[in-house]
Amino acid sequence: MSTSRRGVVVLGATGSVGTAAVDVLLEDPTRWRIRGLAAGRRGPELLTLGRRLEASVIALVDEQAAEDLKPSLRAGDPELRVGEEGLLSLLALEGVDVVLQGISGAAGLDASLETVRRGHRLALANKESMVVAGPLILEEAKRTGAEILPVDSEHSALYQCLHAGRAEEVRRLILTASGGPFRGRRADQIRDATPADALDHPTWSMGERITIDSATLMNKALEVIEARWLFDVEPERIDVVVHPQSIVHSMVEFVDGSVIAQMGPPDMRGPVRYALSWPERSPSTKPVFDVSDYARLTFEAPDRETFPALDLGFEAARRGGTAGAALNAADEVAVRRFLDGDLSFPDITALCSSALAAHPFTPHPTLADLERVDAWARCEAKTPC
Ligand code: MG
């Protein structure tokens, strides 16, 4: 078994998905060989993880954080690499099989592209890669034979459900949404919502941006775009249903009317374990799932009037091209401004809506086109350009 250990790189190792990945890797260390770990600026945490997982190399994107970490390095520690280049260099290490992509935001796009260019499996938690540049990444993956395994819990569920039939037998993808902390509220009740209100997610524990995106339903909007590219299903055949318990992670309806759902506790270690281990299933050390703990599972239609962000996702998925890049970039800036107290909660979505409508649209963008639109939308969301 030790000869067939899978070589792993974890990008965003100190973030919420990275932390889940570390737990999974430690469940059965005989399955994995940790080649590299990368983080943005949390040096001491990264070094601790590097030592625990016996990583060969660690990379810190922030140069000052790397400088600060250097005095702590001892003989036998992982080699430290620095900057965006240092991070990308992990993908060129000998013996890499799978890259767990846990970087947050469109900043993760280069690493996703480089992973598939090199033919490694991309275990993708960075949904922005698909939202911004889905067709480009898929084209590159097709060329090199790289596998893309979603780590977003809904898409991991869809991936698993899709195995129950053939692609041409799929009628509909049904994405579940928790509804976030403001489910059931009316627009006038969330007008003055504060960052603390919006960060209080009922079922999932995640990073700041995705938690705010769950409150506006922009996260689900981005997931509609992600599903559209990842599974090559037109947006007209994608539905969203609110399921507050977050136990059913998504469903696939087939042409014969049969609906396959994937269930489990709301825990990112599930999708991470699946994406790293596929096509095998590696045992989890978690207690057995007790159905009676979840006696009441409920489903309801999303409130599209109070949470208009959802329809922006369908619009961007229908338009394709640069629409996803514009929507995502505007949202990254708008969420930051909301967290800084510089924007009201409803204005997050309003800003995204105007950036999507006004951006210089291109139907078949190159990477350079996408970067231009990303920069334009960021500027527009800071202050009208
Ligand atoms: Mg998700």
Side-chain angles (χ1 to χ4, degrees), residues 12 15-21 24 100-106 108 112 122-132 134 148-162 173-183 198-231 233 235 238-252 261-276 297 299 302 307 309-310 312-314 316-317 324 327-328 331-332 335:
S16 70
V17 176
T19 305
V24 169
L100 194 288
Q101 220 302 26
I103 296 173
S104 169
S112 294
L122 176 62
L124 186 63
N126 176 265
K127 71 187 64 165
E128 293 85 353
S129 292
M130 273 297 135
V131 169
V132 174
I148 303 177
L149 269 283
V151 175
D152 207 345
S153 61
E154 294 79 358
H155 303 72
S156 174
L158 291 171
Y159 192 93
Q160 296 178 58
C161 295
L162 284 165
L173 307 182
I174 306 166
L175 282 162
T176 54
S178 70
F182 301 145
R183 183 178 63 88
L199 285 170
D200 189 18
H201 197 278
T203 49
W204 287 97
S205 145
M206 307 173 289
E208 269 190 341
R209 180 194 173 211
I210 184 170
T211 305
I212 301 301
D213 279 348
S214 297
T216 56
L217 290 200
M218 184 61 81
N219 181 51
K220 211 49 55 180
L222 300 179
E223 289 182 355
V224 167
I225 307 171
E226 182 185 10
R228 189 267 170 272
W229 298 126
L230 207 45
F231 304 115
V233 170
I238 302 175
D239 276 337
V240 171
V241 64
V242 172
H243 167 50
Q245 297 82 17
S246 302
I247 298 301
V248 173
H249 298 308
S250 276
M251 304 175 239
V252 173
Q262 189 265 341
M263 296 168 63
D267 180 340
M268 283 311 292
R269 285 172 287 199
V272 167
R273 196 183 289 111
Y274 184 81
L276 293 179
L297 299 182
F299 302 91
F307 303 99
L310 182 57
L312 298 181
F314 279 97
L327 181 63
N328 175 71
D331 182 61
E332 285 192 30
V335 167

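As the structure is a computational prediction, the values presented were derived from the model and not from experiment. The chain is numbered in sequence order, starting from 1. Counting convention: from 1, in listed order, for ligands and their atoms alike.
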Using ring-ring contact (aromatic ring centres under 6.0 Å, His included) as the criterion, list what pairs up with Phe182, not counting sequence neighbours. Phe345
Value for CD (Glu154) from SG (Cys161), rounded to nearest 0.5 Å, stands at 11.5 Å
With sequence neighbours left out, what residues match Arg183 under salt bridge (Lys or Arg N to Asp or Glu O under 4.0 Å)? Glu300
Go through the structure and list residues passing salt bridge (Lys or Arg N to Asp or Glu O under 4.0 Å) with Asp200, not counting sequence neighbours. none
Tyr274 and Tyr159 aromatic ring geometry - parallel, tilted or perpendicular at 30°/60° bounds: perpendicular
Donor on one side chain, acceptor on other, Lys127 and Asn219, under 3.5 Å: yes
Below 2.8 Å of the Mg ion (ligand 1), tally up the protein N/O/S atoms for me. 3
